[in-house]
Trainee: 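One structure, as structure tokens, below. Some questions next.
Just so it is clear, the structure is predicted and the values come from calculations on it, not from any experiment. Below, chain A is the first sequence line, B the second, and so on; all start at residue 1.
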2 protein chains.
Amino acid sequence: MDGERTWSIAELADEFGVTLRTIRFYEEQGLLTPARNGTRRIFADGDRVRLGLVLRGKRLGFPLDEIKTIIGMYDAEPGEVGQLRYLLDQVEHRRAELEQRRRDIDATLSDLAELERRCRADLDRLTG
Amino acid sequence: MDGERTWSIAELADEFGVTLRTIRFYEEQGLLTPARNGTRRIFADGDRVRLGLVLRGKRLGFPLDEIKTIIGMYDAEPGEVGQLRYLLDQVEHRRAELEQRRRDIDATLSDLAELERRCRADLDRLTG
DNA sequence: CTTGACGTTTACGTTAACGTAAGTTGAAGG
DNA sequence: CCTTCAACTTACGTTAACGTAAACGTCAAG
């Protein structure tokens with residue numbers, strides 16, 4: 001009666017375009033913690049979100065253990081002041097890293113744009 | 001008499017913060033092709049630029065063989081029309097990939113920003 | 001009742017990107 | 001001449017992120 005859908009491992013794998021092995025591996029690494037029905041894994045909505053975050057991290061080129069700590073930051077309990085300061089520090093660190101990446105991307109995009117101009121010029125000259 | 005400086009492997013490694021092994025490995029993989037003085041590697045300015053491109057690609061999380069093809073695109077000779085069209089196609093493909101990455105970065109940055117807000121709020125509450 | 005479809009665990013294999021010796025060489029300095 | 005330094009090659013070791021095979025459980029359909 002609660003609208004909480006669940007998913008099988010195959011459904012999730014299919015939806016996100018990964019293999020069953022990958023999902024099991026992520027659980028083994030502590031990136032996912034699906035419920036169980038006997039031995040079968042049951043994935044709830046939160047598990048789907050986490051898998052999405054993991055794959056986004058992968059597209060960004062982060063290793064799995066870093067992804068784990070980053071995701072871990074999201075659902076850390078408030079805790080004490082020292083913990084909070086440490087967490088803020090981590091957040092700042094990650095942000096700097098990501099902004100460096102964006103600069104790298106922009107530089108590469110600009111290189112590609114110039115390459116494209118040269119290509120089009122050559123094409124014009126040849127097919128003129 | 002020509003202002004063309006050259007560098008030893010150690011100088012380049014030091015400048016870019018990588019090991020000698022890494023540079024030799026990149027040559028072995030065809031990412032760099034330094035000149036030689038006997039057995040010693042002599043790096044010219046173009047080699048420096050290429051190393052910079054390789055490391056930028058690494059920061060973006062690309063595997064070395066993809067980096068190789070991407071860099072290869074930059075210094076491809078004009079060639080024939082078919083080649084040019086193929087190259088343009090590749091450029092488009094890479095651009096799409098990079099733009100996806102930028103979206104991922106922006107999404108992550110936004111997540112981090114919200115996390116930071118929550119942290120600061122908790123800190124304010126605790127430290128008054 | 002057996003055949004599939006779908007799931008499970010255990011465990012060894014694989015690739016990428018280097019790390020890390022081990023042994024060699026050429027030029028320079030004392 | 002001997003050593004030291006900076007480079008070299010060859011080759012095996014290592015870690016991450018799964019792939020892949022083997023062997024088994026379970027439940028619905030024919």
Side-chain angles (χ1 to χ4, degrees), chain A residues 5-44 47-48 50-72 94 97 101 104 108, chain B residues 5-44 47-48 50-72 94 97 101 104 108:
Chain A
R5 234 208 97 170
T6 62
W7 291 264
S8 75
I9 188 173
E11 287 170 331
L12 265 201
D14 198 57
E15 173 177 355
F16 285 94
V18 298
T19 67
L20 307 188
R21 177 67 174 101
T22 297
I23 294 185
R24 295 193 186 112
F25 181 72
Y26 289 168
E27 179 184 13
E28 192 179 325
Q29 301 300 309
L31 290 163
L32 301 175
T33 51
R36 298 273 178 154
N37 177 11
T39 73
R40 309 272 167 115
R41 294 170 176 82
I42 307 287
F43 296 84
D47 299 312
R48 281 184 72 232
R50 285 180 75 92
L51 179 53
L53 290 177
V54 172
L55 297 179
R56 195 174 74 186
K58 282 220 63 185
R59 287 196 301 272
L60 291 176
F62 285 106
L64 288 185
D65 59 348
E66 286 204 34
I67 295 177
K68 183 175 176 182
T69 74
I70 295 179
I71 295 184
R94 298 296 168 186
E97 205 170 343
R101 269 163 200 255
D104 286 331
T108 307
Chain B
R5 234 207 97 172
T6 63
W7 291 263
S8 75
I9 188 173
E11 287 171 330
L12 266 200
D14 198 57
E15 174 177 354
F16 285 94
V18 299
T19 67
L20 307 188
R21 178 69 174 98
T22 298
I23 294 186
R24 295 192 187 113
F25 181 72
Y26 289 168
E27 180 184 10
E28 193 180 324
Q29 301 300 309
L31 290 164
L32 301 174
T33 51
R36 296 274 178 153
N37 177 12
T39 74
R40 309 274 167 111
R41 294 170 176 83
I42 308 287
F43 295 85
D47 299 313
R48 283 184 70 232
R50 285 180 74 93
L51 179 53
L53 290 176
V54 171
L55 297 178
R56 194 175 75 186
K58 283 219 62 185
R59 287 197 301 272
L60 291 176
F62 285 105
L64 288 186
D65 58 347
E66 288 205 33
I67 295 178
K68 183 176 177 182
T69 73
I70 295 179
I71 295 185
R94 297 300 167 183
E97 204 170 343
R101 271 163 198 255
D104 286 331
T108 306

Trainee: Could you check whether any side-chain heavy atom of B:Tyr26 comes within less than 4.5 Å of a side-chain heavy atom of B:Leu64, counting everything from C-beta outward?
Mentor: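 When only atoms from C-beta onward are counted, B:Leu64 and B:Tyr26 do touch, with a gap below 4.5 Å.
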Trainee: For A:Phe16 and A:Arg48, which heavy atoms make the closest approach, and how far apart are they?
Mentor: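 Heavy-atom minimum between the residues: CZ-O, 3.8 Å.
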Trainee: Report all interatomic pairs (protein N or O, nucleotide N or O of nucleotides 20-26 of chain C) with separations under 3.5 Å.
Mentor:
unit_1 : atom_1 : unit_2  : atom_2 : d
C:dT20 : O4     : B:Arg21 : NE     : 3.0

Trainee: Applying salt bridge (Lys or Arg N to Asp or Glu O under 4.0 Å) between B:Glu27 and each of B:Arg36, B:Arg50, B:Arg21, report the one that passes.
Mentor: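 Checked B:Arg36, B:Arg50, B:Arg21 against B:Glu27; only one passes salt bridge (Lys or Arg N to Asp or Glu O under 4.0 Å): B:Arg36.
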Trainee: Do you know the tightest heavy-atom contact between A:Ile42 and A:Pro34?
Mentor: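 Scanning both residues completely, I find the closest heavy atoms to be O-CB, 3.6 Å.
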Trainee: Let's see if you can work this out: which of C:dG7, D:dA17, C:dA17 has an atom nearest to the side-chain heavy atoms of A:Ala10?
Mentor: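 Of C:dG7, D:dA17, C:dA17, C:dG7 is nearest to the side chain of A:Ala10.
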Trainee: Kindly say whether A:Ser8 contributes a backbone atom to a donor-acceptor pair with the side chain of A:Glu11 at under 3.5 angstrom?
Mentor: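 Yes; judged by distance alone, with no hydrogens or angles, the pair exists.
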Trainee: How long is the line joining CG of B:Leu51 and P of C:dC18, in whole Å?
Mentor: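 Atom-to-atom, B:Leu51 to C:dC18, this comes out as 11 Å.
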Trainee: Report the distance from atom CZ of A:Phe25 to atom P of C:dT8, rounded to the nearest whole Å.
Mentor: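 Rounding to the nearest Å, CZ of A:Phe25 and P of C:dT8 are 17 Å apart.
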Trainee: Rounded to the Å, how far apart are A:Leu64 CG and C:dA16 P?
Mentor: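 It is 18 Å, rounded to the nearest whole Å.
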Trainee: With a non-hydrogen cut-off below 4.0 angstrom, is A:Arg41 in contact with a base, only sugar-phosphate, or nothing?
Mentor: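 Result for A:Arg41 = sugar-phosphate.
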Trainee: Does A:Ser8 put a side-chain nitrogen or oxygen below 4.0 Å from OP1 or OP2 of C:dC6?
Mentor: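 Result: no.
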Trainee: It should be established whether A:Lys58 places a side-chain nitrogen or oxygen under 4.0 Å from OP1 or OP2 of nucleotide D:dC18.
Mentor: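 Yes, because at least one side-chain N or O of A:Lys58 sits under 4.0 Å from OP1 or OP2 of D:dC18.
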Trainee: Could you tell me the separation between the CZ atom of B:Arg24 and the C1' atom of C:dA17, rounded to a whole number of Å?
Mentor: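 Taking atom C1' of C:dA17 as the reference, CZ of B:Arg24 is at 16 Å.
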Trainee: So, does A:Thr19 get its side chain near the phosphate of D:dG19, meaning an N or O under 4.0 Å from OP1 or OP2?
Mentor: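 The answer is yes; a side-chain N or O of A:Thr19 sits under 4.0 Å from OP1 or OP2.
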Trainee: Would you indicate what B:Leu20 reaches in the nucleic acid, counting non-hydrogen atoms under 4.0 angstrom: base, sugar-phosphate, or nothing?
Mentor: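 Nothing: the residue B:Leu20, judged by heavy atoms under 4.0 Å, touches no strand.
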Trainee: Nearest-Å distance, OH (B:Tyr26) to P (C:dA16)?
Mentor: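 Going from OH in B:Tyr26 over to P in C:dA16 covers 14 Å.
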Trainee: Please report the distance, rounded to the nearest Å, between CD1 in B:Ile67 and P in C:dA17.
Mentor: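 Taking CD1 of B:Ile67 and P of C:dA17, I get 8 Å after rounding.
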Trainee: In this structure, how many angstroms lie between the P atom of D:dA16 and the CD atom of A:Glu28, rounded?
Mentor: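 It works out to 13 Å between those atoms.
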Trainee: With a 4.5 Å heavy-atom cut-off, do B:Leu55 and B:Leu51 have their side chains touching?
Mentor: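 In contact.
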Trainee: Are any of the side-chain nitrogens in B:Glu97 or B:Arg94 under 4.0 Å away from the carboxylate oxygens of its partner?
Mentor: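 Yes, this pair counts.
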Trainee: Answer with base, sugar-phosphate or nothing: what part of the nucleic acid does B:Phe62 contact at a heavy-atom distance below 4.0 Å?
Mentor: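 No contact at all - B:Phe62 keeps every heavy atom at 4.0 Å or more from the nucleic acid.
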Trainee: Write down the distance between CD1 (B:Ile9) and C1' (D:dC5), rounded to a whole number of angstrom.
Mentor: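 Spelled out: CD1 on B:Ile9 to C1' on D:dC5 is 15 Å.
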